Amino acid sequence: MYTLKEGIDFYIEPMQSKKVTVFDTTLRDGEQTPGVSLTSTQKLEIAHQLDKLGVDIIEAGFPISSEGDKESVKSISNAGLDTTVCGLARVLKKDIDACFESDVGLVHTFVPTSDVQRIYTIKKSREEVIQLAVEAVQYIKDHGLKCMFSAMDATRTDPEYLIEVFKAVQEAGCDIINVPDTVGVMVPSATYRQIKGIAAEITIPIDVHCHNDFGLAVANSLMAVEAGASQVQVTINGIGERAGNADLSQTVMSLTSIYGAKTNIRTEYLVETSKMVENYTGIRLPPNTPVVGQNAFSHESGIHSQGVLEKSDTFEPGIMTPEMVGHRRRIVLGKHTGKHAVKQSLESAGIKTNDNQLDEIVIRIKEIANKGKQITDADLYAVASAVLGKASSEEELIKLKEVSVMTGNILTPTAVVKADIEGKEIIAARTGVGPVDAALHAVRDILGESNHFRLQDFRIDAITGGADALADVYIGLENEKGRIVTARSANPDIVMASVEALVNAMNLLYKKENKS
């Protein structure tokens, strides 16, 4: 057992002495993501954000692919960033020259090494591949630049041949070798064995580039670091071709929080960076995305939220807090919500309730959530305002029991209201120009001759957006003496919200008349 934080133990051997270089390929791999096309301005802004985040190396693009890409890479190279800017190149002089012309500080050159890619994509022998790789590395080094070499599809390459390639480029002066899991077929245990084997034969730094076809890119990257890799290639939000690449935030936070390894990443900017890339690419993150997702530090369940409010470590990792990644903790209200969470949410907005009012607010929140509505803060405040504006149950003249309406394009809107008035059940039915109008007429009729109220104001607002928005109904009611009360109700059903608001107003007038 190893302890990284007081009171929290792990079975993972820590790596406090290890420094991991973060190599970001968002700008290059983002362009390979289906449906994503970034402008040069957007690329430059993302590059500045990655520099602010503390990324060590940015692969800015593939300069030979187009004049536009070359100019974009060049503008990033000359933007005065602290990070190293890298350009991608095949083992061809024209590709490498395009990188030179883009003013990059590192050239990343690659060639397929697996039999399936070597035979069917470049149609070269094993010997020819080694020769191309060595010549490319030598050409880059002869021009005074740092070089990283990738054996494309390394995880499907014959292990002995792969080592032969890596030894050849190392002897040629290569600075870093990259082991890409190009089609994402590795599992963590196999990654560990492969990187361990390479590290035993190679003395220069090892970098890994893991694809996420089976959802294992982050896990494989971590295993590679455990086995001896000192550099990881990652992207913001895990974007990239097919299922994407290893996610930067997940990889970095696992390395720093679980393993205790060191990186130069300023983790407090992770959420900020994620949102920028999300906005520019148009690829929306699921709310349950680890680290940066909307729900990453959100809690709904009564036991969970109560525990987190007492001590966050109860239902959060403890070694990773929302503040560490630029997030905030949220207590989400829903059908599992307990009183403790509702009370805390209300008090944070300065809303005080007694026990009975709190109970009713919790009941209403759960009823709304059970209908499939996601509860927002605005919904909560609307419900609380409606409940706090009600007369107490002991002072209610009208206790609403049932409301039903019929309406349609060939039906006259009709409403039936059942209520308890001073212990007596009363039923009233009325028509109207619409279901709300019919229901309000029926509510007024249940008082019979005692109905001397005049509707002075009636307003409906939708709380938040969407078809499932709460209807927040505000009513002003005046009696024959000119006394005016206002009341409101919030409900996903606009008819119920209107009826409840009118009943609330009637009860408040009745209460004031009794007191006077």
Side-chain angles (χ1 to χ4, degrees), residues 19-32 43-44 46-51 53-65 69-111 132-152 154 165-166 169-180 202-210 221 224 229-236 240 245-246 248 263-265:
K19 180 72 177 288
V20 180
T21 299
V22 177
F23 186 121
D24 186 276
T25 64
T26 300
L27 296 177
R28 191 256 293 179
D29 284 305
E31 292 286 86
Q32 297 178 10
K43 289 179 185 179
L44 185 58
I46 292 173
H48 276 286
Q49 183 66 29
L50 294 174
D51 190 46
L53 182 62
V55 165
D56 299 289
I57 304 169
I58 297 174
E59 189 161 272
F62 193 9
I64 195 64
S65 63
D69 207 34
K70 182 195 288 187
E71 288 305 312
S72 177
V73 174
K74 188 170 185 175
S75 69
I76 293 170
S77 298
N78 294 310
L81 306 179
D82 291 329
T83 184
T84 297
V85 178
C86 173
L88 184 67
R90 293 167 296 185
V91 285
L92 301 176
K93 285 189 177 181
K94 64 177 182 177
D95 285 33
I96 298 168
D97 286 340
C99 287
F100 295 158
E101 293 162 10
S102 301
D103 300 331
V104 298
L106 171 69
V107 178
H108 175 192
T109 188
F110 70 94
V111 67
L132 286 169
V134 167
E135 289 175 352
V137 170
Q138 288 174 337
Y139 187 62
I140 295 166
K141 297 306 295 180
D142 286 345
H143 284 76
L145 285 184
K146 291 187 68 175
C147 172
M148 179 168 76
F149 170 78
S150 282
M152 190 172 178
V165 174
F166 285 152
V169 294
Q170 176 179 266
E171 188 176 342
C174 186
D175 298 285
I176 310 164
I177 63 160
N178 172 247
V179 185
I202 301 298
T203 59
I204 58 177
I206 298 172
D207 172 274
V208 291
H209 179 92
C210 299
S221 299
S230 59
Q231 186 166 292
V232 289
Q233 290 193 14
V234 288
T235 63
I236 301 298
N245 299 284
L248 183 147
T263 73
N264 288 326
I265 298 298

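Because the structure is a prediction, the values reported are computed rather than measured.
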Requested in this report: Under the side chain to side chain contact (heavy atoms under 4.5 Å, CB included) rule, what do V232 and V20 come out as? Steps first, then yes or no, please.
Outcome: CA-CA 7 Å; V232 289; V20 180; 4.0 Å; yes
Query - Test side-chain contact (heavy atoms from CB on, under 4.5 Å) applied to S102 and S72, P63, C86, the passing residue - result: P63
Requested in this report: Apply the side-chain contact (heavy atoms from CB on, under 4.5 Å) test between H108 and each candidate in I57, T25, N178, I176; give the one that qualifies.
Outcome: N178
Could you tell me which non-hydrogen atom of [X] sits nearest to which non-hydrogen atom of [Y], and how far apart they are?
{"X": "V104", "Y": "G87", "result": "CG1-N, 3.7 Å"}
{"X": "C147", "Y": "V137", "result": "SG-CG2, 3.8 Å"}
{"X": "S221", "Y": "V208", "result": "CA-CG2, 4.4 Å"}

[Y] side chain reached by [X] side chain, heavy atoms, under 4.5 Å:
{"X": "E59", "Y": "L27", "value": "no"}
{"X": "I236", "Y": "L53", "value": "yes"}
{"X": "L106", "Y": "V85", "value": "no"}
{"X": "I265", "Y": "V55", "value": "yes"}

In Å and rounded to the nearest 0.5 Å, what is the [atom1] to [atom2] distance from [X] to [Y]?
{"X": "E171", "Y": "Q138", "atom1": "CD", "atom2": "CD", "value": "9.0 Å"}
{"X": "D51", "Y": "D24", "atom1": "CG", "atom2": "CG", "value": "11.5 Å"}
{"X": "I204", "Y": "F166", "atom1": "CD1", "atom2": "CZ", "value": "8.5 Å"}
{"X": "R28", "Y": "I58", "atom1": "CZ", "atom2": "CD1", "value": "13.5 Å"}
{"X": "T235", "Y": "N245", "atom1": "OG1", "atom2": "CG", "value": "5.0 Å"}
{"X": "I140", "Y": "L145", "atom1": "CD1", "atom2": "CG", "value": "8.0 Å"}

Query raised in the report: Hey, are E101 and K70 close enough for a salt bridge, meaning a charged N less than 4.0 Å from a carboxylate O?
Result: yes
Requested in this report: Could you give me the CA-CA distance, side-chain angles and deciding distance for T83 and L50, then say whether side chain to side chain contact (heavy atoms under 4.5 Å, CB included) is met?
Outcome: CA-CA 8 Å; T83 184; L50 294 174; over 6 Å; no
Query - Qualifying side chain to side chain donor-acceptor pair (under 3.5 Å) pairs with a residue from residues 87-99, counting only residues at least two apart or across chains - result: R90-D95, D97-Y139
Report task. Please list all pairs passing the salt bridge (charged side-chain N to carboxylate O under 4.0 Å, His left out) test where one or both residues lie in residues 135-149, with sequence neighbours left out. Result -> K141-D175
Query - Worked check of side-chain hydrogen bond (donor to acceptor under 3.5 Å, both in side chains) between Q233 and D207 - result: CA-CA 7 Å; Q233 290 193 14; D207 172 274; 2.8 Å; yes
Report task. Look only at the side chain of D56 and the backbone of V22, and say whether a donor-acceptor pair between them is shorter than 3.5 Å. Result -> yes
Query raised in the report: Going through the distances and angles, do T84 and F23 end up as a side chain to side chain contact (heavy atoms under 4.5 Å, CB included)?
Result: CA-CA 9 Å; T84 297; F23 186 121; over 6 Å; no
Requested in this report: Could you walk me through whether F110 and L88 pass side chain to side chain contact (heavy atoms under 4.5 Å, CB included), step by step?
Outcome: CA-CA 8 Å; F110 70 94; L88 184 67; 3.6 Å; yes
Query - Steps toward salt bridge (charged side-chain N to carboxylate O under 4.0 Å, His left out) verdict (D69, K74) - result: CA-CA 9 Å; D69 207 34; K74 188 170 185 175; over 6 Å; no
Query raised in the report: Does any donor atom in the side chain of H209 or S150 lie under 3.5 Å from an acceptor atom in the other side chain?
Result: no
